[in-house]
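The model shown is predicted, which means the values in this text are computed figures rather than measured ones. Each chain gets a letter, A, B and so on, in the order the sequences are listed, and its residues count up from 1.
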2 protein chains.
Amino acid sequence: MTPATPAAGSRGLPHPEPGQIRLEAVLHALADPVRLSIVRELAADGDEFACSHFDLPVTKSTTTHHFRVLREAGVVRQAYRGTAKMNSLRREELDRLFPGLLDCLLRAAAGQAVRLGDG
Amino acid sequence: MTPATPAAGSRGLPHPEPGQIRLEAVLHALADPVRLSIVRELAADGDEFACSHFDLPVTKSTTTHHFRVLREAGVVRQAYRGTAKMNSLRREELDRLFPGLLDCLLRAAAGQAVRLGDG
DNA sequence: CGTCTCGTACGATAGCCCTCGTACTACGAC
DNA sequence: GTCGTAGTACGAGGGCTATCGTACGAGACG
């Protein structure tokens with residue numbers, strides 16, 4: 001088992017292939033405010049970050065859970081690098097599967113935040 | 001009883017105003033396959049339809065529930081017309097709040113269906 | 001009026017999901 | 001080897017949700 005991928009670390013992390021990514025799972029993943037904020041931050045910085053980089057209002061256990069949901073939905077890619085687990089957006093795959101969706105979503109989230117800020 | 005909304009002998013249906021529509025609620029509403037199919041059909045035909053128009057794999061009670069979720073999320077507008085309850089997409093409001101999002105979503109759903117059909 | 005259809009309300013059930021705490025493993029540094 | 005840090009696993013709790021069945025109300029139509 002563990003086919004070929006884990007070139008870097010040792011622990012294997014199952015990711016869905018592009019053909020397996022379901023729109024409903026993506027929407028469900030993004031419907032949670034904690035996960036949406038993770039995705040927004042990943043998209044804004046455009047790089048990969050460790051789980052511990054994010055300042056989330058939940059415990060470590062819950063953080064692990066949210067990142068797994070995002071990974072299993074096909075939204076983020078995760079890879080171990082030492083003890084750290086680096087997270088990055090699967091932007092290219094998502095853009096190919098659902099053209100424009102991610103950008104619209106991020107713009108919508110940003111607009112929502114602005115509107116909330118305006119009061 | 002029924003103290004509030006006494007107006008005009010008809011049943012009142014509370015809709016969120018555009019400013020109250022939350023992106024997360026919209027995503028949550030669209031994350032369910034039954035509700036997504038409803039929205040897709042409404043968008044495809046571009047008109048308003050009674051609840052009974054849709055051929056859903058659930059009972060009447062559950063159908064009522066799903067339409068209410070869509071209405072309370074701000075995705076559809078509902079109005080009584082005789083015994084029928086007409087449903088229509090709140091396209092303009094949604095497009096104003098989340099530009100391009102609905103189209104991307106619908107295109108993504110359509111693409112997903114095609115991919116599934118292809119096997 | 002009676003009856004039929006459309007949809008609602010209510011209660012119940014089962015499953016999922018977010019959250020947590022605690023105990024544990026994996027890796028790097030000293 | 002020992003320690004510290006990053007993250008996982010497991011179990012539990014509380015809440016939400018999708019589903020149903022049955023009983024009910026609102027209009028249309030004879």
Value in whole Å for how far the P atom of dC18(C) lies from CG of Leu30(A):
12 Å

Measure from NE2 on His66(B) to C1' on dG7(C) and round the result to the nearest Å.
15 Å

Which part of the nucleic acid, if any, lies within reach of Arg35(A) when heavy atoms closer than 4.0 Å are counted: base, sugar-phosphate only, or nothing?
sugar-phosphate

Would you say the side chain of Ser61(B) and the base of dG21(D) hold a donor-acceptor pair, judged only by whether the two atoms sit under 3.5 Å apart?
yes

Starting at CZ of Arg81(A) and ending at C1' of dT5(D), how long is that distance when rounded to a whole Å?
16 Å

Under 4.0 angstrom, heavy atoms only, what part of the nucleic acid is His65(B) near: base, sugar-phosphate, or nothing?
base

Given dG7(D), is OP1 or OP2 found less than 4.0 Å from the side-chain N or O atoms of Ser52(A)?
yes

Rounded distance (Å) that lies between atom C1' of dC17(C) and atom CG of Leu27(B)
17 Å

To the nearest Å, give me how far apart CZ (Phe67(A)) and P (dA9(D)) are.
15 Å

Without decimals, in angstroms, what is the distance between Asp32(B) CG and dC16(D) P?
18 Å

For Arg77(A) and Glu93(A), run salt bridge (Lys or Arg N to Asp or Glu O under 4.0 Å): C-alpha distance rounded to whole Å, both residues' side-chain angles, the deciding distance at 0.1 Å, then the answer.
CA-CA 11 Å; Arg77(A) 191 183 298 103; Glu93(A) 286 111 319; 3.0 Å; yes

His28(B) vs dC16(D): side-chain N/O to OP1/OP2 distance below 4.0 Å:
no

Looking at every non-hydrogen atom in both residues, tell me the closest pair between Leu70(B) and Ala29(B) and how far apart they are.
CD2-CB, 4.0 Å

It should be established whether Thr59(B) places a side-chain nitrogen or oxygen under 4.0 Å from OP1 or OP2 of nucleotide dT19(D).
no

Counting only heavy atoms from other residues, nucleotides and ligands, does the tally under 6.0 Å from CD of Gln20(A) exceed 12?
yes

Ala84(A) has a side chain; which of dA9(C), dG21(C), dG7(D) sits nearest to it?
dG7(D)

Do any N or O atoms from the side chain of Thr62(B) and from the backbone of Val58(B) form a donor-acceptor pair under 3.5 angstrom?
no

In this structure, how many angstroms lie between the P atom of dA9(C) and the NZ atom of Lys60(B), rounded?
13 Å

Test your reading of the model: is there a side-chain donor-acceptor pair from His66(A) to the backbone of Val34(A), 3.5 Å cut-off?
no

Compare the minimum distances between each of dT19(D), dG27(D), dG7(C) and the side chain of Thr83(B), then state the nucleotide with the smallest one.
dG27(D)

When the distance from OH of Tyr80(A) to P of dA26(C) is rounded to whole Å, what number comes out?
10 Å

